[in-house]
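Numbering of ligands and ligand atoms starts at 1, following listing order. We use all heavy atoms of the structure for the numbers below, so side chains are in, but hydrogens, waters and symmetry mates are not. Fair warning: this is a prediction, and the values are worked out from it, not measured in the lab.
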Amino acid sequence: MAERNSHKSTTGPNIGPIPLNRRTLLGGAAVAALGAAGIGGFLFAEDRIGPWRLTARDIVDRLQDTAGGSFPGWRRNHAKGVAVAGYFDSNGNGAELSKASAFRSGRYRLAGRFSLAGGNPHVPDTPTAPRGLGLQLFLPDGEQWRMAMLNIPVFLDATAQDFYDRTLAFAEDPATGKPDPAVMKDYIASHPKTAAALAVIGQGAPAPTFATSTFFSLNAFRFTDGDGRTVPVRWRLEPENPPPATGPANGDNALFDGLVTDLRATPLRWRLMVVVGEAGVDPTDDATRMWPNDRRTVHVGTVVLDRIETESADNVRDVNFDPLVLPNGIEASDDPLLQARSAVYGESFRRRAGETKPVGAVVVKEA
Ligand code: HEM
């Protein structure tokens, strides 16, 4: 199949009669690709005997159909990205909450990937396109902790079904190259959880650069300590002494160019903050809802990134940042998105694994 690498989305932030606070987020089709499937019982099998049920394959098909072109070899979401590497300095504070080896004091190597949401690897950077950060921590005894986070404080969908439906509702209309404002408006009006999440997200402007962005786990997880006690948690990465924003770089790769400049000037550091939820009170199965701001928050260590490279087989191009690859001591919560994400990332990974790999969308030149 011929690749259409030259395709560029023309979608801008002007998406019509959506209230301003929502418009800030809706940076284009990228947003459409932010989420997908759900269902108390997300279907892993592909059998369709009886009533229609959503599968991982359906969701990846929908992401492909709405990507604004055909992009074999690339991730079916968060296609545009760049590889980074560094380490996690664990300060030991997390050991009180979880027996995971990641929380034993020490330094653990990690690989990562910054990305923009959407299935088009050549989409121009826009400040409002949701930004992703995937991390793969290499822990003692061959364990790993993989996570994929976003720079928004809540997610737009509570279930995979909503992700699937919204992906279509927010997709570019081929006639205009932009999402259809009326369709989006109708969708938001009929999905109060999405409307509420957009209102929360719209309260703050996106940080100017990757280096100044906070990244959120969004989904809840469970930490188990050495005595078998379990607490619900979410986490976020807060920039620590971020470099002054590099000033708005120009061009289609402005955010990624700024990241290269910032990271080459000094290693970039984020504090890993674990928020401890109140069991039975704070929702663990609905990523569209915030937890109260006063929840106990524990600084468990610092992520330091000191290398940046074009994606390739030598770094994270062929990694699946499946959020369910977890060390002993960290488990999934009852959030249906987690099972859905794991299945969908796997399907996306399977497809791209069998396709010829293009050169990374963001080319990092030798320093
Ligand atoms: C049901 C909801 C979701 C669906 C269906 C979905 C789908 C996908 C897919 C297909 C990929 C590409 C996977 C690959 O080929 O490796 C991806 C990547 C990603 N997703 Fe999601 N996603 C969902 C929710 C979320 C949420 C809640 C977050 C953040 C907490 C998130 C953050 C990311 C990030 C950061 C990446 C890029 C990882 C990388 O660099 O490889 N996604 N998503």
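Using a cutoff of 4.0 Å between basic side-chain nitrogens and carboxylate oxygens, Asp286 and Lys193 are scored as salt-bridged.
Polar contact check, Asn219 against ligand 1: no nitrogen or oxygen pair lies under 3.5 Å apart. Here's the thing with Arg352: one of its N/O atoms is less than 3.5 angstrom from an N/O atom of ligand 1.
Checking side-chain atoms of Thr66 against main-chain N and O of Ala171 turns up no donor-acceptor pair under 3.5 Å.
Using a non-hydrogen distance threshold of 4.0 Å, Leu63 registers as a contact of ligand 1. The closest approach between Ala287 and ligand 1 stays at or above 4.0 Å for every heavy atom of the residue.
Taking every heavy atom of Leu133 and a limit of under 4.0 angstrom, the matching atoms of ligand 1 come to 35 (C). Close approach of ligand 1 to Ser217 (heavy-atom distance below 4.0 Å) involves ligand atoms 30 (C). For ligand 1 and Asn77, the ligand atoms under 4.0 Å from any heavy atom of the residue are 7 (C), 8 (C), 9 (C), 10 (C), 11 (C), 12 (C), 17 (C), 43 (N). Atoms of ligand 1 found under 4.0 Å from any heavy atom of Gly132, numbered from 1 in the order shown, are 35 (C). Against a heavy-atom cut-off of under 4.0 Å, Leu218 is close to the following atoms of ligand 1: 29 (C), 30 (C).
Nearest to atom 40 (O) of ligand 1 by heavy-atom distance, out of Arg113, Glu347, Gln64, is Arg113.
In summary, an N, O or S atom of Tyr345 is located under 2.8 Å from atom 21 (Fe) of ligand 1.
A donor and an acceptor atom, one from each side chain of Thr302 and Asp89, are nowhere located under 3.5 Å apart.
Within a 6.0 Å radius of CZ in Arg264, other residues, nucleotides and ligands contribute more than 12 heavy atoms.
Ring geometry for Phe114 against Trp270 counts as tilted: the plane angle lies between 30° and 60°, on a 0 to 90° scale. Ring pair Phe210/Phe215 is parallel by interplanar angle, where below 30° counts as parallel and above 60° as perpendicular.
Between Gln64 atom CD and Ser70 atom OG the span is 7.5 Å, to the nearest 0.5 Å.
Between Phe216 and Trp235, the distance separating the two ring centers is not shorter than 6.0 angstrom.
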